[in-house]
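Numbers here simply count residues along the sequence, with the first being 1. We count ligands from 1, going down the list as the structure has it; atoms in each ligand are counted the same way.
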Amino acid sequence: MAKLNLWDTHAHLDDVQFDKDRDELIPQLGETLAGIINPAVDLESCEKIMRLTEQYPFIYAAVGWHPENLKGIPHDFEDKIAHWAQNPKVVAVGEIGLDYYWLENEPPEVQKKILLKQLDLCKQLNLPFIFHDREAHGDTMEIFQKEITGVRGVFHCYSGSAEMAKELVKLGWYVSFSGSLTFKNAVKTVEAAAVVPLDRLLIETDCPYLAPHPHRGERNDSSLMHFTAE
Ligand code: NI
């Protein structure tokens, strides 16, 4: 496949689903894409991704704690993020956010407290964030309209309404769409993508999840991103 001037802005290449073929797969991805941002979810993944950025010039990192991975977060997580962020290949804090879908996640109050600390780090380090919101639209909008200003980032794997997408653009955010944009039932998501200005619109795989049509249900990787781009 010819080289595409595309970035995969959200790929979890450190995921265990790539353990068997990561070393063969990643060099191939570098042949076809301009760059890949790999967001972390916890301590182990931050460390793993920092090694990947050393190994591959086209891989960049986001460091942070995902809302599903807050149990056992180290007490010095802010120092750790600040330390990794000294590396110029760290381009964002992420993946951070709120996830009220899984009942085993930490309660909303705990999630919000850690989120605000990670957003504060974005300010201190002058880095954007990569945001995950699942079933937490109300609290997400409230935090960004009332509690914290002066930070910018991307709402990853957007599946909300067109109205909320407009609101995010107004707040200075980028909005990123994954392979779920290509699913047959994705009417609302397509409507939302249509209202996001092109200079605020990003695409991603969120691999190994959310493979685009016609590969829906398979393990996803960055080589399938052109389906979403189309
Ligand atoms: Ni993700």
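Nearest to the Ni ion (ligand 1), among the N, O or S atoms that E95 has, is OE1. Among heteroatoms of the N, O or S kind in D206, OD1 lies nearest the Ni ion (ligand 1).
Here H66 fails the criterion, with no N, O or S atom under 2.8 Å of the Ni ion (ligand 1). Between the Ni ion (ligand 1) and H10 there is an N/O/S contact shorter than 2.8 Å.
The existence of a salt bridge linking K166 and E163 is excluded, since no basic side-chain nitrogen approaches an acidic carboxylate oxygen closer than 4.0 Å. Using a 4.0 Å cut-off between charged nitrogen and carboxylate oxygen, K112 and E109 count as a salt-bridge pair.
Screening D21, D19, D15 for a salt bridge (charged side-chain N to carboxylate O under 4.0 Å, His left out) involving R219 leaves a single residue, D21.
The side-chain tip of R134 does not point at the ring of Y100 from less than 6.0 angstrom away and within 45° of straight on.
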